Amino acid sequence: MLNPAYFRFDSLSSFVGLFAVIFTVVICLYSVSFMRQKRGQLRYYLYILLTLITSLGVVFANNLVLFILCWGFLGLLLYLLIGFGEKDRTSATAKKAFIIIGGTDAFMLLGIAFIWKLSGTLQMDKINIALNSRPAVWAYLCLACGAFAKAGAMPLHTWIPDTAEDAPSPVTAYLPASLDKLLGIYFLARLSLNMFAMDAAMNTFLMAIGSFTIVAAVMMALVQHDLKRLLGYHAVSQVGYMVLGIGTGNPIGIAGGLFHMLNHAIYKSCLFLSGGSVEKKAQTTELDKLGGFAKIMPITFVTFLIASFAISGVPPFNGFASKWMIYQGVIDLGKKGGYLWVVWLVAALFGSALTLASFMKLVHAVFLGQQSKESRFTVHDVREESPLMWIPQVFLAGLCILFGVFAYRLPLKMFILPSLNENVVFSGIWNANIATALILVGIIIGILIYLWGKASDTKEAEIFMGGEIFKDHPDMRLSGTEFYNTISDIGILKWIYDLAKRKLFDPYEVGSRITFGFNSILRYLHNGVLPTYLAWCLLGMGVLFYILLK
Amino acid sequence: MIYVLYFITYGFLLTVAIGLLTSWIDRKVTARVQYRVGPPILQPLIDIIKLLGKETLIPKGASKSTFLMAPVVGFASAILVSTILWVNNITSAHTYLGDLVVVIYLLTIPSISIIMGGFASRNPLASLGASREMKLILSYELPFVLAVLVPVIKSGFSLRLATILGYQLQNGAVATGLSGVLALIVAIFCIQAKLGLVPFDIPEAETEIVSGPLVEYSGPGLALYKLMKNMLLFILPFFLIIIFMGGLHFDAISIVKYVGLVALVTVIRNTNPRVRIDQAVRFFWGPMTFLAALAVALALTGR
């Protein structure tokens, strides 16, 4: 059954498979509480299990036909799982995701056909194609396109923000946030490391896509008004780092990209789960209607905070360790000469600051700041949700810290480095264990200063607002959604944001507009009058006869 | 253990001492510019001790632990950056702590702590100020990263501070070349914004939003923030001296370098009006980024 011609168990696939299982367990645990009182629970868990089985099939497949079969099933299961959302738009969103994923699957089939033509085998570990001919380049692009759509790199990302907004939180945490990233980047790594011999031009292409995705998606995230949609844009932006890392083509960059894939799956699913807890409590994800949840849900606040620091790359959390490796990979490119690496590096570093900015906005709008009028009315039960919901969050947040502080000892040594056969040399320095210990010492010094002063002597006081009495104006608050309007109003950025608002950068929307444009012309022919249809049939038959009997 | 020693002696005690002294220089120069006498040399320390003796007011309904822990975390990370810089500056044997990227990232944590503290205080004015602080980070981060790349390129694409220092020991400071000078100018403006000094004191803007994120802080919390800001007043010029001017040694030239840089920052602060936040963003994303990109291009062509 497990014939090596069809299945492959090496370090890379085993570690991706292992984490697929771990995420499934975590999500199932969370769903027990989250999906309670929803319809079709049996179907829900069935789909989740099927997703696990097919993704294991994708990960361990060594034959491209088997691979594409499982990959296609995943798209279908994604469609079915999004359907558990309860918004009006859900079915349209599910359709959109299905069409984008399914469309790229068709490209992948084409790519597989090219590979068959080029190498005469579909066994993945026997394929080794140099990118020196046009069919080889097309094959790579077709297959990479599938990986991009799955992971959500631009411009095929547009299903992710919609899905994030409309699907139930555990589904988003499970598929677009963790499993689809793992699988998409896993496949991109297989393509770029094993099946094709990359050249400089293709690496540059990958890095360009990666850097563009990082900055563009995070700029979109800055101006969002919905908690889950904002997180969805970050799920796109972080893919940029992984693609950038793999595109560097040197061992440290690739290791960083794979490490980032793992880290991203951890903190992003933690963010979606924490966001889901807030949603369950507040019955909304609109940022204007949230606020002040740190008092109501302290555990969720802490897990969300840890995960947002991890995604923003604050040391010593795990996001920093992997981004730092990717930066080194990019700088190593500079040694070979050229100017473009500066652009990639600056995009990555600056993207990280933008990520921090949008997460500060989220933390303010959801957890800190004043409570909104709506949530004061809807939230009566000022307690944390059930332990089944916060235990998965705490577990994932704990992994964020563990994989950051012990980056070398745990994830890198156990999972990442064995999956690359090359020797990874660190050109920078980051000693996370000692640095964390020192930060703790610093915190102790700070607390000692507190105690030396009169910090124990605390008193509660009304806030000061220039003499206004807050009790009389309880709605005098900033929700935080307008924080970055100064930036989105600057010159050329305003123009780009306007275009983005009209969905001109969404291939799905543009495609559907073109299709419907054609349809609106062709629709005039469908007027329901039988003689017209018969006339068309006769005309067509006449043309056919003319061609055939000519 | 050696690191804890470095951490407490150099990172904490020495940095605090120099930071407070620098704060005094800053205040004295400001006073002289305004035809005042200025404070005595121990005044910054006395201020901190006075604040430590006051009671702590916590705004009603605020997240208490976040409100109280934010200054501590910012303070701890300031000590850590300072330790990394000192260790690289004085010894090449124990540099296994962090590199340039780590320093850049750690330098944002004090700002994050101010933002978190402001958010946690639940005051709309604090929220406003904290959001401005975040926008300021966004605006200066782009030119700052570019400017910092110049020493990296010069020293043969190394991220290690020790290597950058070693390169400057042999070939002269980075700031002797044209690209280095341009990058240094950009970086000085960036640290002005990082320190939150006029013309970029937009987050605090005492006359407008009553010191923004810090509006609800009093007593020990405020003391820690003041201490952190005074330490940054030393750490940021020190960082620029390490990557652009060949590091500090205990001699006269180093003192001239350091005091000169601090005096420059103080003079800029005293001769400019506060700008609006959108003007600051335009300034950093426009001319400063252009200048920094030019510096990087020059450095890549070897100038």
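Proteins come first, then strands; the chains are lettered A, B, ... in the order of their sequence lines, and each starts at number 1. All figures in this text were calculated on a predicted structure; none of them were measured in a lab.
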Quick one: what part of [X] sits under 4.5 Å from any heavy atom of chain A, side chain, backbone, both or neither?
X         : answer
Leu138(B) : both
Ile104(B) : neither
Ile153(B) : side chain
Ile115(B) : side chain
Leu142(B) : both
Val145(B) : side chain
Thr66(B)  : side chain
Phe12(B)  : side chain

Go through [options] and name the one with the most non-hydrogen pairs under 4.5 angstrom from chain A.
options                                    : result
Asn123(B), Val101(B), Leu106(B), Asp278(B) : Asn123(B)
Leu51(B), Leu224(B), Ile79(B), Ile49(B)    : Leu224(B)
Trp285(B), Phe144(B), Phe157(B), Phe75(B)  : Phe157(B)
Met116(B), Met69(B), Glu141(B), Arg282(B)  : Met116(B)
Val215(B), Leu149(B), Thr108(B)            : Leu149(B)
Ile277(B), Val296(B), Leu125(B), Val72(B)  : Val72(B)

Please classify the contact between [X] and chain B as side chain, backbone, both or neither, with a heavy-atom cut-off of under 4.5 Å.
X         : result
Leu345(A) : side chain
Phe320(A) : side chain
Val302(A) : neither
Ala353(A) : both
Leu305(A) : side chain

Closest contact, heavy atoms only, [X] versus [Y]:
X         : Y         : value
Ala76(B)  : Gly442(A) : CB-C, 3.6 Å
Ser352(A) : Tyr105(B) : OG-OH, 2.8 Å
Gly156(B) : Lys335(A) : O-CE, 4.2 Å

### Task
Kindly check if the number of other-residue, nucleotide or ligand heavy atoms within 6.0 Å of NZ (Lys226(B)) is above 12?
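No.
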